[in-house]
Amino acid sequence: MTALHAHARPNHYDKTRSGQFSASSTSRPGNRKPFLGRCQWCNVKGHVLSQCLTFKQQHPSVPPPPRSSSATPGQVQVHTATASTSPTNFLVDSGATHHVTNDLANLALHHPYTGPDSLFMGNGSGLNISHSGTLLLNDLSLSHALCVPSMQQKIISVSQLTKQTNSAVVFLPNFFHVKNLQTGQTTYNGSCVDGLYLWPANSPSVHSVCTTSSASWHHRLGHPSTSIFTFIQQHFSLGSPKFRQSDCNSCQISKSHKLPFHESTLKSSYPLEIIFSDVWTSPILSIDGLRYYCMFVDHFTRYIWLYPLKRKSDVQTLFPKFKSLVENFFHHNIKILYTDNGGEYIGLRSFLSTHGISHHTTPPHTPEHNGISERRNRHIVETGLSLLHHSGLPLTYWPHAMTTAAYLINRLPTPILGYQSPYAKLLKINPDYHKLKCFGCLCFPWIKPYANHKLAPKSAMCIFVGYSADQHAYLCLDPTTGRIYTSRHVKFVESEFPYSSLIPQARPSAEQPTEQPTGQLQLSILHPINQPMNSTTLNPPEEVSAAPSSSSFTNSPPLVQPSPGHSESPPTSPPSPPCFVPPSQPDANPTNRPQTDGGGIITRSKNNIVKPLKKLNLHVHPSSPLEPNTFTQALRDPDWRSAMQTEFDALHRNRTWDLVSRSSTQNLIGCKWVFRIKRHPDGSIDRYKARLVAKGFHQRPGWDYTETFSSVVKPVTIRTVLTLAVHQGWSIRQLDVNNAFLQGTLKE
Amino acid sequence: MLQPPGFVNKSFPDHVCRLKKALYGLKQAPRAWYMELRVFLLSLGFVNSTADASLFISQKSGSTLYLLVYVDDIIVTGSSPTELSNLISPLLLDFH
């Protein structure tokens with residue numbers, strides 16, 4: 001008796017089986033053909049079970065199966081049988097059209113079942129099919145298996161099994177076996193337990209296949225990231241979703257990258273507690289010969305101090321000055337200095353330790369740790385470049401632009417400080433925005449104090465290049481002379497950026513030599529020096545000439561008439577006396593850049609013309625061979641090889657040693673080759689000299705030797721003998737004994 | 001002494017050199033040279049000065065020779081030029 005019948009109608013994907021299936025189904029509604037078989041219940045021809053009146057009378061509570069004819073009255077036994085059998089075992093069922101499992105893990109490859117069909121049981125009720133896929137059982141891979149979670153049992157359909165594996169299933173009273181039809185060999189044997197034929201295999205083997213397939217799916221898909229892989233798994237049911245990317249070594253090795261940096265946990269409670277510092281290198285030497293700037297950023301206020309430098313090593317002199325300046329001003333001490341591992345900061349360490357400042361450096365190749373400095377660098381450079389670009393100034397004026405950029409950034413509100421500016425946070429007063437002017441604009445400083453005589457012009461067309469760091473004044477560049485005036489009394493024409501128009505009239509001789517090879521291209525693009533004079537209408541040619549004339553102001557708008565009494569500065573500052581300070585004050589403040597003072601005297605050092613360093617020229621004969629340090633080096637040179645051979649032959653001829661076998665009681669000393677090049681007085685090579693030298697330091701006194709002595713003439717003796725010889729008129733002969741030491745005979 | 005690098009005897013690579021003559025670098029090398037020279041000069045009739053070990057004096061038939069040794073540099077002077085050259089030639093022969 002067949003215990004259980006499982007029927008599906010998967011006609012949407014398997015027409016052949018659907019056809020086979022429908023052969024067993026007999027009377028569909030609307031099927032006009034008379035039924036020729038017998039009823040399974042009353043054995044009367046002409047109707048099926050569902051239409052059997054006898055069945056209905058005997059079992060009024062059981063609904064007849066709606067379509068299937070294969071339901072049998074044994075369905076009650078199914079439930080009794082399921083209670084006694086292990087649910088992990090597959091039942092071999094000849095009445096089932098499909099393999100059925102209730103555990104999705106049994107299906108190695110599966111996809112959600114979307115069809116409208118359901119699994120019909122022996123009592124005619126339908127069960128929902130969740131997935132369909134391939135069932136892996138022992139070595140068999142059985143396709144078209146269905147997963148029905150509500151099933152109590154797992155079923156192997158005999159018809160599917162025989163077709164898919166091309167085998168025959170022989171049912172015997174106590175067992176069954178599966179035979180391969182081609183070879184005739186028995187491939188599987190199963191037993192009959194409690195009237196049910198149980199498939200011999202257990203499903204755990206299938207489980208292992210599933211878990212490994214997750215990793216292999218990860219590999220198969222080309223090592224996608226965990227999130228992507230989990231998405232695919234969840235939506236396409238590939239493997240178990242427990243896979244983590246950290247389990248894949250290939251991913252770890254090939255996808256190693258910098259770990260994300262956590263939010264800095266640094267906390268500072270007052271200015272100067274933590275100072276970040278960095279040195280930025282410009283690719284272009286500035287007009288006053290600067291290549292670096294050093295920046296200090298206060299962590300508490302984010303205030304920036306920026307100092308252009310000639311050399312990186314200037315940091316060592318700059319930092320003590322900076323420290324005393326700011327500590328004196330703010331009455332706080334610098335506690336911590338954060339820098340990268342630059343050598344300029346390594347040189348500061350002794351200073352830092354004596355002044356009780358902890359020096360924190362970043363690990364190598366992680367500039368992110370110095371993030372505050374690096375972000376400020378970027379901010380400054382980008383701002384400075386914008387200023388330069390807008391004003392038309394060449395890149396050689398980057399120190400002015402960067403200093404101005406830092407000056408402005410300090411005065412701009414920042415979200416880190418709750419839209420307060422570093423300036424306001426540090427000095428507790430709001431910055432005076434009205435003081436700010438457009439970088440690089442036309443300006444007319446009051447330069448009467450510099451005038452030679454009373455009739456000299458009281459101003460000149462200048463370019464505004466920044467704010468004086470230590471004075472309430474502006475820096476004005478006179479492009480004709482290259483001189484920078486620090487003036488408080490400046491009139492601005494902020495709509496004009498006259499550098500490109502002023503510079504053709506500036507003395508080319510003053511500008512050209514400052515160009516560096518790296519910056520030459522940009523310079524020539526920015527201000528063509530060969531531009532003809534008539535291209536500028538703003539400045540008449542007489543302004544260039546040595547004789548100054550007041551006509552230079554006639555072309556200017558009336559607004560910019562020089563009015564020394566008028567002040568652009570806020571009214572809080574006294575309008576007089578005019579403070580004019582000579583531009584160079586190198587010791588007053590480290591911010592003072594070396595400005596081109598002295599009315600355009602161009603020195604060699606300004607033009608970066610320096611004598612070559614003598615100490616780098618030690619080698620007179622750079623091409624002459626070097627004396628080898630080791631024996632292996634000498635072996636490569638045939639000259640040295642022959643020199644060694646000569647020495648060895650001489651020693652051999654001299655019978656310096658005998659070859660004896662080693663004895664453990666003897667102290668063994670080493671020897672080495674010493675190579676010297678003997679030169680003629682003119683430097684040419686006389687000969688290559690190789691000497692075998694015993695390592696005398698291996699000798700032990702009293703063991704290897706007893707006495708040492710070297711005959712050295714006392715000065716008294718030599719003076720006496722020579723005086724004697726000179727007085728007596730004797731001839732003096734001098735002898736130089738070759739290989740003197742080799743003559744000595746050893747007794748020890 | 002270990003065999004010099006590069007010139008190890010192929011048939012006796014484990015053998016060592018038993019030094020019979022001095023080598024540069026040995027502690028006793030200057031003394032060995034001095035003793036060698038001293039023996040030679042004494043055989044020529046020189047007398048080693050007691051005041052200065054590096055002074056050798058030879059007084060033969062009215063002529064006096066003074067010989068000063070400064071490590072491997074030698075100065076000879078004397079009243080008779082012939083005696084001088086008589087001395088130098090065997091010296092050069094022996095030690096040069």
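Within every chain, numbering begins at 1; the chains are lettered A, B, ... in the order of the sequence lines, protein sequences first and strands thereafter.
Options L2(B), V16(B), V71(B) differ in how many heavy-atom pairs under 4.5 Å they form with chain A, and the most are formed by V16(B). Residue with the most contacts toward chain A among S85(B), A53(B), P30(B), A32(B): P30(B) (heavy-atom pairs, distance under 4.5 Å). Of the listed residues (D52(B), L84(B), D73(B), I88(B)), the greatest number of heavy-atom pairs within a distance under 4.5 Å of chain A belongs to D52(B). Contact count versus chain A (heavy atoms, under 4.5 Å) is highest, among S79(B), S49(B), S80(B), for S79(B). With chain B as the partner, the residue from V712(A), L651(A), V716(A) showing the most heavy-atom pairs under 4.5 Å is V712(A). Put simply, of D72(B), I75(B), L55(B), L67(B), the one with the most heavy-atom pairs under 4.5 Å next to chain A is D72(B). The greatest number of non-hydrogen atom pairs below 4.5 Å with chain B, out of S710(A), P701(A), S661(A), G670(A), is found for S661(A).
In this structure, chain B has no heavy atom under 4.5 Å from any part of L635(A). The contact between A29(B) and chain A is made by backbone and side chain atoms together, counting heavy-atom distances below 4.5 Å. The part of R691(A) that comes within reach of chain B is its side chain, from C-beta onward, which places non-hydrogen atoms under 4.5 angstrom from that chain. Looking at Y34(B), the atoms closer than 4.5 Å to chain A (heavy atoms on both sides) all sit in the side chain, from C-beta outward.
The shortest non-hydrogen separation linking E83(B) to S63(B) is CG-OG, 3.4 Å. Between D314(A) and K310(A), the shortest heavy-atom distance links the atoms OD2-N, 3.4 Å. Contact detail for A51(B) and K714(A): the closest heavy-atom pair is O-NZ, 2.9 Å.
Within 6.0 Å of the NE2 atom in H360(A), the count of heavy atoms belonging to other residues, nucleotides or ligands exceeds 12. Residue-environment remark: CZ (F709(A)) exceeds the threshold of 12 foreign heavy atoms within 6.0 Å.
The side-chain heavy atoms of Q316(A) and E344(A), taken from C-beta on, include no pair separated by under 4.5 Å. The closest side-chain heavy-atom distance from W657(A) to P4(B) is below 4.5 Å. Within the 4.5 Å cutoff, the side chain of T281(A) has heavy atoms near those of the K312(A) side chain. Proximity of R662(A) to L668(A): side-chain heavy atoms (C-beta onward) are separated by under 4.5 Å at one or more points.
Contact annotation for residues 345-352 of chain A against chain B (heavy-atom separation below 4.5 Å): no residues qualify. For residues 720-734 of chain A, heavy-atom neighbours of chain B at less than 4.5 Å comprise V721(A), L724(A), A725(A), W730(A), S731(A), I732(A), R733(A), Q734(A), sorted by residue number.
Side-chain atoms of Q699(A) come within 3.5 Å of backbone atoms of K27(B) as a donor-acceptor pair (strictly under, hydrogens ignored). In this structure, E647(A) contributes its side chain and L692(A) its backbone to a donor-acceptor pair below 3.5 Å.
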* Please lay out, stage by stage, how R655(A) and K21(B) fare under the test side chain to side chain contact (heavy atoms under 4.5 Å, CB included). => CA-CA 7 Å; R655(A) 305 228 172 148; K21(B) 292 288 182 72; 5.7 Å; no
* V693(A) vs L23(B), side chain to side chain contact (heavy atoms under 4.5 Å, CB included): CA-CA, chis, key distance, verdict -> CA-CA 6 Å; V693(A) 175; L23(B) 256 186; over 6 Å; no
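In this structure, Y688(A) and W640(A) have perpendicular ring planes: the angle between them is above 60°, well past the 30° mark.
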